[in-house]
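Down below is the structure, laid out as structure tokens.
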Amino acid sequence: MTAPISQDTAPDAATNAASSSYYERHIFFCLNQRSSGEACCADQGAQQAFDRCKAQVKAAGLAGPGKVRVNKAGCLDRCAGGPVAVVYPEAVWYSYVDASDIDEIVESHLKNGQVVERLLMPPDLGR
């Protein structure tokens, strides 16, 4: 059993955990499909965006351990801004429109660590 992390050691523990993470970054794409007729990311090209991101990450040599992982996700509960993707560990939420937006996220954020400001979701935009 491990001891709880105190306030004094929490930053160091977080830094150590981040530096030993299997992937440097994860990007999650909401691919949720709603049968109720409510707006959902699946109806707004989310699967195509996921496929493009995965292909771009692989083509750029960014995929794999210590690099980037592109993941599918169910509902991320930010439907009002859909389609959405989120990059961790930074917790940066994006709303995108087309393939060029995905290419910019890959090149700027996933490759170079620079957030794409124009695609950021407002922090209070939920479902």
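Just so you know, residue 1 is the first one in the sequence shown, and it goes up from there. Atom set for the values below is all heavy atoms of this structure, side chains included, hydrogens, waters and symmetry mates excluded. Note that the structure is a prediction, hence the values are computed from the model and not measured.
Closest of all the heavy-atom pairs between Cys41 and Cys30 is CB-O, 3.4 Å. Taking all atoms of both residues into account, the shortest heavy-atom contact from Cys79 to Ala39 is CB-O, 4.4 Å.
Transitive grouping of hydrophobic side chains (ILVMFWY, heavy atoms separated by less than 4.5 Å) keeps Tyr94 and Met121 in distinct clusters. A continuous path of Ile, Leu, Val, Met, Phe, Trp and Tyr side chains, each step under 4.5 Å between heavy atoms, connects Leu120 with Ile102, placing both in one hydrophobic cluster. With hydrophobic clusters built from ILVMFWY side chains whose heavy atoms lie under 4.5 angstrom apart, Val106 shares a cluster with Leu31.
Looking at residues two or more places apart in sequence or on another chain, you find a ring pair (Phe, Tyr, Trp, His ring centres under 6.0 Å) between Phe29 and Tyr96. Partners of Ser35 under the side-chain hydrogen bond (donor to acceptor under 3.5 Å, both in side chains) rule, at least two apart in sequence or in another chain, do not exist in this structure. Remark: His26 pairs with Tyr23, Phe28 by the ring pair (Phe, Tyr, Trp, His ring centres under 6.0 Å) rule, at least two apart or across chains. Taking Arg52 as the reference, Asp103 meet the salt bridge (Lys or Arg N to Asp or Glu O under 4.0 Å) condition, with sequence neighbours excluded. Residues meeting the side-chain hydrogen bond (donor to acceptor under 3.5 Å, both in side chains) test with Asp77, sequence neighbours left out: none. Applying the side-chain hydrogen bond (donor to acceptor under 3.5 Å, both in side chains) test to Glu90 and every residue at least two apart in sequence or in another chain returns Arg25, His109. Residues forming a side chain to side chain contact (heavy atoms under 4.5 Å, CB included) with Ala42 (at least two apart in sequence, or on another chain): Gln33, Cys40. Qualifying side chain to side chain contact (heavy atoms under 4.5 Å, CB included) partners for Ser100, counting only residues two or more places apart in sequence or in other chains: Asp98. Considering only residues two or more places apart in sequence or on other chains, Glu24 meets the salt bridge (Lys or Arg N to Asp or Glu O under 4.0 Å) condition with none of them. Considering only residues two or more places apart in sequence or on other chains, Lys111 meets the salt bridge (Lys or Arg N to Asp or Glu O under 4.0 Å) condition with Glu107. Residues passing the salt bridge (Lys or Arg N to Asp or Glu O under 4.0 Å) test with Asp51, sequence neighbours excluded: none.
The shortest side-chain heavy-atom distance between Ser95 and Leu119 does not fall under the 4.5 Å cut-off. At least one side-chain heavy atom of Leu76 sits less than 4.5 Å from a side-chain heavy atom of Trp93. Counting heavy atoms from C-beta on, the side chains of Val115 and Glu117 come closer than 4.5 Å. Ile105 has its side chain within reach of Ile27: a pair of non-hydrogen atoms, C-beta onward, lies under 4.5 Å apart.
The backbone N or O of Val97 lies less than 3.5 Å from a partner atom in the side chain of Asp101, making a donor-acceptor pair.
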For residues 58-75, which side-chain N or O atoms pair as donor and acceptor with protein atoms under 3.5 Å away, sequence neighbours left out?
unit_1, atom_1, unit_2, atom_2, d
Lys67, NZ, Gly61, O, 3.3

